[in-house]
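Worksheet for the structure shown next.
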Amino acid sequence: MSKTTAPKVLDDARGRLEFIYERLDVSEDARQRLAQPQRVIETAIPVRMDNGALRVFQGWRVQYDTTRGPGKGGIRFHPDVNVGEVTALSFWMAIKCAVVNLPYGGAKGGVKVDPKKLSRMELERLSRGYMRAMYDILGPDMDIPAPDVNTNPTIMGWMADEYSNIARGQLPGVITGKPLGLGGSEGRIAATGDGALQVLKIWSERNNRDPSSMTVAIQGFGNAGYYFACAAQKLGFKVVAVSDSKGAVYSDEGLDVHAIWEHKNRTKELKGIVYSEKSVDDEKDVDHIDNDELLTLDVDVLALAALENQITKDNAKDIQAGLVLEIANGPVTSKADEILADRGIPVLPDVLVNTGGVIVSYFEWIQNRTGDYWTAEVVGERMRARIAEEAATCFDLAENENISFRNAAYMQGIRRITQAMDDRGNQGYFNGD
Ligand code: GLU
């Protein structure tokens, strides 16, 4: 969609709060605290390129709120990253961590760069440069980054290493999503997709829907989209379409997601060992459709695993799916939310659906700090149990209060954040009311 029609993601994100504040009777103090981020750091990262030239990249870290614990949230490498987007993403992290009751606030980082155009060594220098620039505001008890769009375990490993070099000591708990050999957790790579499937499974059970009779289209075939597709297929869902930024493939028989993933990885060039340069559109035995067509397919579940602002007021009327599952952050705008609600299409919201990633990040942080490492089974079980418990309260709240799933999740998150704020004393307390 065109950038000019996209609403400002931050205004859109915060615009959703008024309804929640009224429902929860949130104190004026808490409203004021949540009206802006606590801290916004912008930095310039100089990187020596392989040809000897110097390039300077803009980078940000935003800590939206740290009332409930240290900041937590990924770092995104993308040419369109800007401070408004990073702030919105940090705000969502604060909500998200509270929705699933992790002892964290919300933060997010970003670098304005197209990583596909960097060599591996340039990428390493940029990643280490980001950590050097942000060293003073990051730490296991301050703010803990993780992967996000276009960043991965290798990059987290470089950053953790840079942090430890500066600190003159091993502090793996400063960053999560690391490779296993550097203190990463079993199950972290698949966690966002696995967690999203868990939420979909709970929703299906509550609605007496049998996965084997349900079709799924997935927008976005990066890490989250791929692992979600695998987990969905394993449970019996039929994945009929997937897309990446360059195109989409469709088969009403169901797709072989492993073959498509392998193809996507196989066809990349040398410098694309970390990033695929080719599109899933190159896959052969399937129909090729464009991204807009994927969004409007008549499927049971439309899973959005790409970027924000994908369903807007312009295309919400064309959505035919029975259910929208937000695996990415912010893929449905608030206007589109209203249109989908009017049309009776439920949306399972990002701040619940994609929490599998940050939950396993939390487990990684615990393991780093205790030195007690868990098996993949233990990680998976604990993640699914946490999501099941928190999703059940959100679903009950939505039903009992007759509100959308998003509003229910926001109520759960905002209640916990504002409770923590009020526990430090608010106007009523200090006035002796
Ligand atoms: N970037 C992921 C998210 O948006 C993971 C964050 C984390 O693990 O800290 O939820």
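Put simply, the side chain of E85 never gets that close to the backbone of V83: no donor and acceptor are under 3.5 Å apart. For Q63 (side chain) and I137 (main-chain N/O), a donor-acceptor pair under 3.5 Å exists by modelled atom type. For R132 (side chain) and E162 (main-chain N/O), no donor-acceptor pair under 3.5 Å exists by modelled atom type. Put simply, the side chain of R16 never gets that close to the backbone of Y410: no donor and acceptor are under 3.5 Å apart. A donor-acceptor contact shorter than 3.5 Å links the side chain of T151 to the backbone of D148. Checking side-chain atoms of R416 against main-chain N and O of V99 turns up a donor-acceptor pair under 3.5 Å. Here the side chain of W365 pairs a donor or acceptor atom with the backbone of P140 at under 3.5 angstrom. Looking only at distances, no side-chain donor or acceptor of S185 sits under 3.5 Å from a matching main-chain atom of R188. Looking only at distances, a side-chain donor or acceptor of K72 sits under 3.5 Å from a matching main-chain atom of I144. Between the Q219 side chain and the L294 main chain, no donor and acceptor come within less than 3.5 Å of each other.
Side-chain contact check for N101 versus R386: some heavy-atom pair is nearer than 4.5 Å. Side-chain atoms of L34 and M421, non-hydrogen and from C-beta on, do get closer than 4.5 Å to each other. Within the 4.5 Å cutoff, the side chain of V358 has heavy atoms near those of the C97 side chain. Residues L307 and H78 meet the side-chain proximity criterion, which asks for heavy atoms closer than 4.5 Å. Residues L297 and I289 have side chains in contact (heavy-atom distance under 4.5 Å, counting atoms from C-beta outward). Taking the side chain as every heavy atom from C-beta outward, E401 and N407 never approach each other to under 4.5 Å. Using a 4.5 Å heavy-atom cutoff, the side chains of F405 and V347 are not in contact. In this structure, the side chains of V111 and V81 stay at 4.5 Å or more apart for every pair of heavy atoms.
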Between D396 and R206, does a salt bridge (Lys or Arg N to Asp or Glu O under 4.0 Å) hold up when you go through it step by step?
CA-CA 10 Å; D396 287 347; R206 289 175 80 107; 2.5 Å; yes
Go through the steps to decide whether S212 and D210 satisfy the test side-chain hydrogen bond (donor to acceptor under 3.5 Å, both in side chains), and finish with yes or no.
CA-CA 5 Å; S212 62; D210 175 12; 2.9 Å; yes
Is there a salt bridge (Lys or Arg N to Asp or Glu O under 4.0 Å) between K96 and D350? Walk through the geometry before answering.
CA-CA 8 Å; K96 201 189 291 194; D350 48 4; over 6 Å; no
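Residues S334 and D12 bring a donor and an acceptor atom of their side chains to less than 3.5 Å of each other. When only modelled atom types and interatomic distance are considered, D422 and N426 share a side-chain donor-acceptor pair under 3.5 Å. D292 and N315 form no side-chain donor-acceptor contact under 3.5 Å, judged by distance and modelled atom types alone. When only modelled atom types and interatomic distance are considered, Q198 and D194 share no side-chain donor-acceptor pair under 3.5 Å. Judged purely by distance below 3.5 Å, without hydrogens or angles, the side chains of T296 and D318 never pair a donor atom with an acceptor atom. Side-chain atoms of D65 and Y104 form no donor-acceptor pair, as typed in the model, at a separation below 3.5 Å. Side-chain polar atoms of D300 and T215 form a donor-acceptor pair below 3.5 angstrom.
Salt bridge absent: R39 and D143 never bring a charged side-chain N and a carboxylate O closer than 4.0 Å.
What you find for S243 and N291 is that their closest heavy atoms are CB-OD1, 3.0 Å. When every heavy atom of A224 is checked against every heavy atom of T192, the shortest pair comes out as CB-CG2, 4.0 Å.
The salt bridge (Lys or Arg N to Asp or Glu O under 4.0 Å) test applied to D252 returns no partner, not counting sequence neighbours.
Note: F91 and Y64 have perpendicular aromatic rings, judged against thresholds of 30 and 60 degrees for the angle between ring planes.
The list of side-chain hydrogen bond (donor to acceptor under 3.5 Å, both in side chains) pairs with a residue in residues 223-239, not counting sequence neighbours, reads Y226-H258.
No more than 12 heavy-atom neighbours from other residues, nucleotides or ligands sit within 6.0 angstrom of CD on Q170. Within 6.0 Å of the NZ atom in K335, the count of heavy atoms belonging to other residues, nucleotides or ligands does not exceed 12.
Interatomic distance, S361 OG to I366 CD1, rounded to the nearest 0.5 Å: 11.0 Å. In this structure, K201 NZ and F237 CZ are separated by 9.5 Å, a value rounded to the nearest 0.5 Å. In this structure, OG1 on T312 lies 8.0 Å from NZ on K317, to the nearest 0.5 angstrom.
With ring centers used as reference points, W203 lies 6.0 Å or more from F395.
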